[in-house]
There are 2 protein chains.
Amino acid sequence: MKQLEIFKALSNKTRLEILQWLKDPELNFPDQIHAGFEVGVCVGQIQVKAGLTQSTVSEYLSILQRAGLVESTRVGQWTYYKRNEPAFEELSKIIQSDI
Amino acid sequence: MKQLEIFKALSNKTRLEILQWLKDPELNFPDQIHAGFEVGVCVGQIQVKAGLTQSTVSEYLSILQRAGLVESTRVGQWTYYKRNEPAFEELSKIIQSDI
DNA sequence: TTGGAATATCGGAAAAAGTCGATATATATT
DNA sequence: AATATATATCGACTTTTTCCGATATTCCAA
């Protein structure tokens, strides 16, 4: 069941916050310098904002990615994460019809 | 955060199944005899279908209720649970706008 | 008013998730 | 090639969740 994995990914305060921050990267990550925001936000920036260790945030981001809620792009030594908007639209529909 | 409680409630295979079963009580609980389906389905019927113990299913139903996803009606010695449909519509909107 | 049936609550064992520090890997720079 | 930086992965510990059996509560029926 894919939806179970999605709901588990959403069952954590920090992960929900990360998703919300990524809705407006310019506002929430003004310090990012190595890339424009089209590719997303790098792990380090998210880590600082989350106030958790690097390993934890990296793990959280892969949980979100495995659930399909974000996607990543590697650029040089940075990995940028951004929201996968179609997944949220789909989830909204799943709730209306399948759940 | 209310939405966190909702997602936690949805992060369990059996609880997701219960919600789906309750979408069509006539189909999924044909053996219920003590009441019509307007009030919902009693705990015992859900328990048998879930294949878990009575205490576990009772607990699961209160988790769903605390999250606002179902509501209960006591009739005699039975407690009937049914879906709270507006909560799902609201959740669908939350995902479109807040998450 | 006593016994039985349905549900709720409690306490605990096992599994899963959260979180960290240490280490590994990948990439860039010198 | 050596070093530095960003990210990923690993192992361990703690907290939370899952799920059970036992017990308590509520309501009905005899």
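No experiment lies behind these values; they were computed from the predicted model shown. Convention: sequence-line order gives letters A, B, ...; per-chain numbering from 1. Only this structure's heavy atoms are used, side chains among them; waters, hydrogens and symmetry mates stay out.
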S.K.: Taking the minimum atom-to-atom distance to the side chain of Leu52(B), which one of dA17(C), dT7(C), dC19(D) wins?
M.R.: dC19(D)
S.K.: Which of the following nucleotides, dT7(C), dA6(D), dA8(D), is nearest to the side chain of Trp78(A)?
M.R.: dA6(D)
S.K.: Go through dA8(C), dA6(D), dC20(D) for me and flag the one nearest to the Gln77(A) side chain.
M.R.: dA6(D)
S.K.: How many Å lie between CG on Leu61(B) and C1' on dT18(D), as a whole number?
M.R.: 15 Å
S.K.: Give a yes-or-no answer on whether the side chains of Thr79(B) and Ser72(B) include a donor-acceptor pair shorter than 3.5 Å.
M.R.: no
S.K.: Looking at Arg15(A) and Ala9(A), would you say the former's side chain and the latter's main chain have a donor-acceptor pair under 3.5 Å?
M.R.: yes
S.K.: For Glu5(B) and dT16(D), what is the distance between atoms CD and C1' respectively, to the nearest whole Å?
M.R.: 15 Å
S.K.: Does dT7(D) have OP1 or OP2 under 4.0 Å away from a side-chain N or O of Ser58(A)?
M.R.: no
S.K.: Given atom OH of Tyr81(B) and atom P of dA6(C), what is their separation to the nearest angstrom?
M.R.: 16 Å
S.K.: Counting side-chain heavy atoms from CB outward, which of dC20(C), dG18(C), dC19(D) is closest to Asn12(A)?
M.R.: dG18(C)
S.K.: Separation of Arg15(B) atom CZ from dT17(D) atom P, in whole Å?
M.R.: 9 Å
S.K.: Between dT7(D), dC27(D), dC20(D), which one does the side chain of Arg74(B) approach most closely?
M.R.: dC27(D)
S.K.: Using whole Å, what does the distance between atom C1' of nucleotide dA8(C) and atom CD of Gln65(B) come to?
M.R.: 12 Å
S.K.: Compare side-chain N and O positions of Thr53(B) against OP1 and OP2 of dC20(D) and report whether any pair is under 4.0 Å apart.
M.R.: yes
S.K.: For Thr14(A), answer base if it contacts any base atom (sugar-phosphate contacts may also be present), sugar-phosphate if it contacts only those atoms, and nothing otherwise; contact means non-hydrogen atoms under 4.0 Å.
M.R.: nothing
S.K.: Ignoring hydrogens and angles, answer whether the base of dA8(C) and the side-chain atoms of Glu59(B) contain a donor-acceptor pair closer than 3.5 Å.
M.R.: no
S.K.: Has the side chain of Gln54(A) got a donor or acceptor atom sitting under 3.5 Å from an opposite partner on the base of dA8(D)?
M.R.: yes
S.K.: Starting at the 5' end of DNA chain C and moving along, which residue's nearest nucleotide shows up first, Val43(B) or Gly51(A)?
M.R.: Val43(B)
S.K.: Quick one: does any side-chain atom of Arg83(A) pair with a main-chain N or O of Leu69(A) as donor and acceptor, under 3.5 Å?
M.R.: no
S.K.: Can you tell whether the side chains of Glu17(B) and Lys13(B) come within less than 4.0 Å, N to carboxylate O?
M.R.: yes
S.K.: Looking only at N and O atoms, is any donor in the side chain of Ser55(B) or the base of dG21(D) less than 3.5 Å from an acceptor on the other one?
M.R.: yes
S.K.: Could you state the OH-P distance from Tyr80(B) to dT7(C), rounded to the nearest angstrom?
M.R.: 8 Å
S.K.: Side chain of Tyr60(B) only, heavy atoms from C-beta on: which candidate in dC19(D), dT7(D), dT7(C) is closest?
M.R.: dC19(D)
S.K.: Give the rounded distance in Å between these two atoms: CD1 of Ile63(A) and C1' of dT7(D).
M.R.: 16 Å
S.K.: Within the 4.5 Å heavy-atom criterion, are Val41(A) and Tyr81(A) side-chain neighbours or not?
M.R.: no
S.K.: OP1 or OP2 of dA6(C) versus the side-chain N and O atoms of Thr79(B): is any pair under 4.0 Å?
M.R.: no
S.K.: Verify whether one side chain among Ser55(B) and Ser58(B) offers a donor that lies under 3.5 Å from an acceptor in the other.
M.R.: no
S.K.: Could you state the CD-C1' distance from Gln47(B) to dA6(C), rounded to the nearest angstrom?
M.R.: 10 Å
